[in-house]
Protein chains: 2
Amino acid sequence: MAPRQKPFDVERFFQALADRTRLRLLNLMGGQEICVCYFVEILGQPQPKISRHLAYLRNAGIVSARREGKWMHYRIVMPSNTGAARVLQGILAWLKEEKSMQADRARLTRACCAPKKFVTLQGAPSPALAGMEPASTSR
Amino acid sequence: MAPRQKPFDVERFFQALADRTRLRLLNLMGGQEICVCYFVEILGQPQPKISRHLAYLRNAGIVSARREGKWMHYRIVMPSNTGAARVLQGILAWLKEEKSMQADRARLTRACCAPKKFVTLQGAPSPALAGMEPASTSR
DNA sequence: CTATTATATCCGTGTTGACGAATGTGTCTA
DNA sequence: TAGACACATTCGTCAACACGGATATAATAG
């Protein structure tokens with residue numbers, strides 16, 4: 001028996017997008033895989049809060065996590081539902097146009113270029129470009 | 001002083017989309033203006049529930065209402081924010097591809113062609129095509 | 001093994017939203 | 001003016017979240 005891929009949960013999908021912090025996280029990921037410590041540094045918000053929102057996105061199937069030693073890397077996974085995937089791409093493109101989101105990305109770039117300037121980022125792994133893989137069995 | 005158009009509320013926008021009933025309503029509107037009685041008939045759900053969800057969409061600035069005698073007509077208003085407008089268009093296109101949404105639209109078509117068959121729709125005004133006007137001052 | 005670093009989860013609290021049931025409001029008709 | 005009709009709002013209840021603060025877990029360093 002095939003594992004019977006559960007139907008895409010539209011409500012959960014939009015719920016996941018209905019929070020500014022989560023949108024900021026998604027905007028920072030947009031295309032690349034990023035370490036949690038960058039999120040904490042750049043959003044300037046308590047680590048448990050960041051972690052909770054990342055968990056929410058994970059449970060909604062919008063991002064996946066990869067462990068690398070002490071660090072956790074998050075990336076966006078495109079929904080297998082093609083309509084949802086197109087919409088998500090559109091949303092990411094929209095975010096890129098927003099001023100505050102551009103500011104976030106600019107800070108990310110600066111942090112990546114000079115991680116030594118951030119006490120909290122000593123030795124943190126740099127974000128790496130990551131092709132958006134289709135949703136797989138990983139959770 | 002210009003009325004200082006309030007900034008688009010992204011969180012509210014996605015909150016409004018995070019409910020299946022509201023998505024069904026939006027799908028039925030998609031392009032045309034529709035009377036509340038059709039929503040009640042086609043979704044087969046209590047009128048106060050429909051009305052509450054329509055109010056939610058109205059407060060989120062996604063639809064506008066027009067009174068015509070006893071009847072209230074609802075239509076989608078495209079957000080003035082261009083990014084949001086593109087995303088909303090994408091979402092409507094996505095919904096059109098979903099089986100259950102297509103079924104809703106089919107029932108709407110049948111109801112419009114033969115409103116006499118529905119006791120609740122005797123003399124109800126037919127949906128009319130309506131160009132999606134940009135968000136105006138109307139609320 | 002112990003400490004430290006990086007991240008995740010738990011707990012208590014306040015807020016928001018969804019629902020059914022009841023009631024209110026606006027408009028037309030007789 | 002009194003229904004009747006089409007919709008809207010209110011109320012009480014329950015579930016889902018967001019948050020800060022505290023604590024738990026996982027991996028590496030010493």
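Letters A, B, ... mirror the listed sequences (proteins, then strands); counts begin at 1.
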Tell me whether the side-chain N or O atoms of B/Gln47 pair up with the base of D/dA6 as donor and acceptor below 3.5 Å, since no angle test is needed here.
no
Provide, to the nearest angstrom, the distance between the [atom1] atom belonging to [X] and the [atom2] atom belonging to [N].
{"X": "B/Trp71", "N": "D/dA8", "atom1": "CH2", "atom2": "C1'", "result": "17 Å"}
{"X": "B/His73", "N": "D/dA6", "atom1": "NE2", "atom2": "C1'", "result": "11 Å"}
{"X": "A/Leu54", "N": "C/dT7", "atom1": "CG", "atom2": "C1'", "result": "10 Å"}
{"X": "A/Glu68", "N": "C/dT7", "atom1": "CD", "atom2": "P", "result": "11 Å"}
{"X": "A/Arg67", "N": "C/dT7", "atom1": "CZ", "atom2": "P", "result": "8 Å"}
{"X": "B/Leu57", "N": "C/dA18", "atom1": "CG", "atom2": "C1'", "result": "14 Å"}

From the list C/dT9, C/dC19, C/dT7, which nucleotide is the closest neighbour of the side chain of A/Cys37?
C/dT7
Could you please name the option among D/dC7, C/dG17, C/dG20 that lies closest to any side-chain atom of B/Tyr56?
C/dG17
Check every strand shown and say whether [X] touches a base, only sugar-phosphate, or nothing at a heavy-atom separation below 4.0 Å.
{"X": "A/Tyr74", "answer": "sugar-phosphate"}
{"X": "A/Arg52", "answer": "base"}
{"X": "A/Pro48", "answer": "base"}

Steps toward salt bridge (charged side-chain N to carboxylate O under 4.0 Å, His left out) verdict (A/Arg86, B/Glu97)
CA-CA 12 Å; A/Arg86 275 204 310 276; B/Glu97 298 168 5; 2.7 Å; yes
Sorted by chain and residue number, the side chain to side chain donor-acceptor pair (under 3.5 Å) partners of B/Glu11 (sequence neighbours excluded) come out as none
Side chain to side chain donor-acceptor pair (under 3.5 Å) with A/Lys96: which residues, sequence neighbours excluded?
none
Any residue of residues 9-20 of chain A with a heavy atom less than 4.0 Å from an atom of DNA chain D
A/Asp19
Is A/His53 close enough to D/dC19 that one of its side-chain N or O atoms is under 4.0 Å from OP1 or OP2 there?
yes
Does D/dC5 have OP1 or OP2 under 4.0 Å away from a side-chain N or O of B/Lys70?
no
Angle class for the A/Phe13/B/Trp94 ring planes (parallel below 30°, perpendicular above 60°, tilted otherwise)?
perpendicular
